Amino acid sequence: MDEFLQLCFNGTALGARYALVALGFVIIYRATGVINFAQGGLVALGAYLAYALGDTATLPFLLAVIGAVLLSGLIAAGTERVVLRRMVGQPVFAVLMVTIGLLFILEQLVTSIWGFRALNLGDPWGVQTVDAGGVVLATKDLWTIGITAGVLAAFFAFFRFSKLGVAMRATAFDQEAALAQGISARRVFAVSWGISGALACLAGVTLAAGPAALTPGIGAIALVAFPAMIVGGLDSPIGAVLGGLIIGLTQALTSGYQEDLFPWAGANLSQVMPYIVMVLILLIRPYGLFGTKEVRRI
Amino acid sequence: MRARTHGLMTRKYSDDLRLFGSTNAKLGLLAILLLYAFVPVFVQSAFWLSVLDYAGIAAVGALGLNLLTGYTGQVSLGHAFFIGIGAYAAAKLGGPDDVGLPLPLWLLGATLMGAFVGALIGPFALRLRGNYLAIVTLGLVFLGEHVFRNAKEITGGNSGTSVQTASTLLGADFKDLQFLGQNFSFNQGYFWLIWGIVGIAALLCKNLVRTRPGRAMQAVRDRDVAAEVIGVQLGRYKVGAFAMSSGLAALAGALLGSYQQFVTPEQFNLFLSIQYIAIIIVGGVGTIFGSILGALVLGGLPGLIDQYSASIPGVTTGSGDSGFISVFSLNQAIFGLLIVLFLVFEPRGLAALWLRVKAYFKAWPFSY
């Protein structure tokens, strides 16, 4: 039982990180109809910015993270302004590929500035743990879950109560009608990318926390967050969070029990489990758990 | 003086569809055939021949991807998976210790294997569209790599497997070609083999897209609901496009395995899929000619960068070097940059540039 609880806790912490990345995908998708493959690059860039501000510029950790979140948001919004805005009206395929191209550029930018070495983010959590009756809770995982919950609350409040949030929802619902009401679609696009970049940075920081855990490979989390987003439904923020948790728990439980239950499926099955879950759910519900079914017109 | 018909003029629809109608097209065909026959004789350098060989392999795979993405409009990030299937199928079917089939048969077998698996994936394309399909095919790459790493009896697991295929056709061994008393190297022989297959594949694809199935595929691409309404069977053409595309990808994989004589699972990763996407974007989405052009420009690029990395400023070649970017990173960054630049500034690729130049000279001196 303890092992099960332990795995569930680990899975929830992992799922919280997926949820942060998947939420970033969903925000951009709802506003602009683009799946942003470059999100992984933003995750890595955000974490390295936090490292640069904290370690190189010797700011306190909290300030470094806040600075990195703001910078990532600005960089993401700038990318939208410089590259993606030129792609408005182009086919889905073209826009998708542009973001893939951006992903490869961002990843290489990160490795050419900071190299491949594993670095120390300089977070105060380190390897500390809290013992809760047989289950070992890592402090950084507790913080991750806490940060995610806080961000989610802020996120839903923003979209429910703030003027800009409502404008963004209106634009996602019907772009032309929103334009007719005087909402600036350009501003909404830029803000969506900015929020998404900030979320990516937070996900990067929570991933890279702990000793020598900051490597360029952390951007790969975005590739696993895709299934999380798809499972939840492309355009549903709640779906993204639930999808993240489902994927995180599946991964943790698979890595814990696969050896005993089905060893024939090969080592590291937990790495590809998200994709299997995604395919199974898509077979039953082609638009994910909470996604809106696309209306097809002739 | 007798009036001469203008090069652009056709009197019948069938004239429009002819492959080698005009004198110019016939001359072009002749030039291509001459190049095919004599390039390996004049280009002796093993390095440049290997660049061309890799470009040819990429051209076969890119033709497949262009049928699926360029002509049928189905986004696929899973091309690398099918290339891997082809490579392992070649190792099994062509290896003398395994099945040991002769050259045409293991190539055909690998192609059919790829087409079969592609047809199994095809039905997903019926249920999922656009973005969803892209991500499911992305999952395919990861699932495929997992299978390649773990099905050790077939793929040799993480350490890879050697691909020792028969390479004799009508008494001529492409690995050690002898002709008119001349000995030709491995790279020269494989140039003729690979580019011969590129020619056959290109002709097949061209014939496919200029006839009824090709028009149906393009209708599906442009608006699949409308295509269905005018009587195009979506299931048939989507699954068919997946099967053909994966078949060609597997053919490219079989050639790749046979040329490298060794394959490992990590070769068939997401970056390989992205390379093929870059090839068709740079070459021209939805053109047969563009797939080959893109492959010529990009297919040999990783090899070129590797060879000349020492003379590119800022590139790390060894561990003690002080460059800021590694060869591997530079490769990925260049592919990423090319995709972005072409899509933003010339979405129809090099093929469109070529057509523009051609149109200019066709109407010369009254071009505008």
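Bear in mind the structure is a predicted one, so any value in this text is a computation, not a measurement. Reminder, nothing fancy here: chain letters follow the sequence lines and each chain counts from 1.
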Donor-acceptor pair, [X] side chain versus [Y] backbone, under 3.5 Å?
{"X": "B:Ser273", "Y": "B:Ala80", "value": "yes"}
{"X": "B:Thr137", "Y": "B:Ala134", "value": "yes"}
{"X": "B:Tyr71", "Y": "B:Gly286", "value": "yes"}
{"X": "A:Ser196", "Y": "A:Ser192", "value": "no"}

Examine whether an atom of [X] lies under 4.5 Å from a heavy atom of chain A, and if so say whether it belongs to the side chain, the backbone or both; otherwise answer neither.
{"X": "B:Val285", "answer": "side chain"}
{"X": "B:Leu140", "answer": "neither"}
{"X": "B:Ile277", "answer": "side chain"}
{"X": "B:Phe335", "answer": "neither"}

Between chain A and each of [options], count heavy-atom pairs under 4.5 Å; write down the option with the most.
{"options": "B:Val344, B:Ile281, B:Leu343, B:Val75", "answer": "B:Leu343"}
{"options": "B:Ile339, B:Val340, B:Val136", "answer": "B:Val340"}
{"options": "B:Phe342, B:Phe271, B:Tyr132", "answer": "B:Tyr132"}
{"options": "B:Leu341, B:Leu338, B:Leu337", "answer": "B:Leu337"}

### Query
Parallel, tilted or perpendicular: which describes the rings of B:Phe81 and B:Phe148, with under 30° parallel and over 60° perpendicular?
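Answer is parallel, since the angle falls under 30°.
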### Summary
Applying a strict 4.5 Å limit to non-hydrogen atoms, the region of A:Met278 in contact with chain B is side chain
### Task
Could you look at A:Leu96 and say if it's the side chain, the backbone, both or neither that has a heavy atom under 4.5 Å from chain B?
side chain
### Query
What pair of heavy atoms forms the shortest contact from B:Ala227 to B:Val220, and how long is it?
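Closest heavy-atom pair between B:Ala227 and B:Val220: CB-N, 3.9 Å.
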### Summary
Only residue of A:Ile221, A:Ile218, A:Val224 satisfying side chain to side chain contact (heavy atoms under 4.5 Å, CB included) with A:Arg17 is A:Ile221
Pick whichever of [options] has the most heavy-atom pairs under 4.5 Å with chain B.
{"options": "A:Leu234, A:Val279, A:Val83", "value": "A:Leu234"}
{"options": "A:Met87, A:Glu107, A:Met229", "value": "A:Met87"}
{"options": "A:Ile100, A:Val98, A:Leu109, A:Ile35", "value": "A:Ile35"}
{"options": "A:Leu269, A:Leu102, A:Leu103", "value": "A:Leu269"}

### Message
In the structure I gave you, are the side-chain heavy atoms of B:Asn269 and B:Glu145 within less than 4.5 Å of one another anywhere?
### Response
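Of all side-chain heavy-atom pairs linking B:Glu145 with B:Asn269, at least one is under 4.5 Å.
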### Message
A:Phe37 vs A:Phe226, test: side-chain contact (heavy atoms from CB on, under 4.5 Å). Steps then yes/no.
### Response
CA-CA 9 Å; A:Phe37 272 75; A:Phe226 279 129; 3.5 Å; yes
